[in-house]
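What follows is a single structure, written as structure tokens, with notes after it.
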Amino acid sequence: FVSLELATEKVEAVEVELKKQRAQHLEDLSNIDDKYKAAEAKAKAVYTEFIQGVRQKGKEAIMEERRQKGELSNDVARLTAEAQAMEAMYKSMLEEEKENKQQMRLDFSKAMEQSEADHAAA
């Protein structure tokens, strides 16, 4: 009978030890779960920050591209205006040269008539 009591005490001691170990394992699992959740939250925060940085840089690149396109548009407009001004000046010079030639022909004709009249009078 003593050995049955001794065996019962040993079984109860083993059960108590198993319950302690189980409680420790549950606590360890809980700690691991907490650490996993913390690591997951940190990873999400880092990812979110990274994505926001990428988006910001993308927006900045788009704005820079638009700015450069705007500058190109301004350059094109300026060069077009300059070309039109030069074309107008060239046309004006051609018209002036045409008028000068007509005036020279007229002056030459008058000089020839005057010369003929002088020659006839002489």
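What's counted below: heavy atoms across the whole structure, side chains too, no hydrogens, waters or symmetry copies. Predicted model only: the values in this text are computed from it and were never measured.
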Ion pair [X]/[Y], N-O distance below 4.0 Å:
X	Y	value
Lys69	Glu65	yes
Glu95	Lys91	no
Arg67	Glu64	yes

Quick check for you: to the nearest 0.5 Å, what is the distance between [X] atom [atom1] and [Y] atom [atom2]?
X	Y	atom1	atom2	result
Lys35	Asp28	NZ	CG	9.0 Å
Asp75	Thr80	CG	OG1	10.0 Å
Leu72	Leu79	CG	CG	10.5 Å
Met104	Glu97	CE	CD	10.0 Å
Asp34	Glu27	CG	CD	10.5 Å
Met63	Glu60	CE	CD	10.0 Å

Donor-acceptor pair, side chain of Ser92 and main chain of Ala88, under 3.5 angstrom: no
Whether Thr8 side chain and Leu4 backbone form a donor-acceptor pair below 3.5 Å: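 Here the side-chain-to-backbone pair exists.
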Polar side chain donor-acceptor pair, Gln52 to Gln56, under 3.5 angstrom: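 There is no such pair (donor and acceptor under 3.5 Å, judged by atom type) between the side chains of Gln52 and Gln56.
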Shared hydrophobic cluster, Met93 / Met86 (ILVMFWY, side-chain heavy atoms < 4.5 Å):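 Met93 and Met86: separate clusters.
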Heavy atoms from other residues, nucleotides or ligands near CZ of Arg78 exceed 12 (cutoff 6.0 Å):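 Correct, the count exceeds 12.
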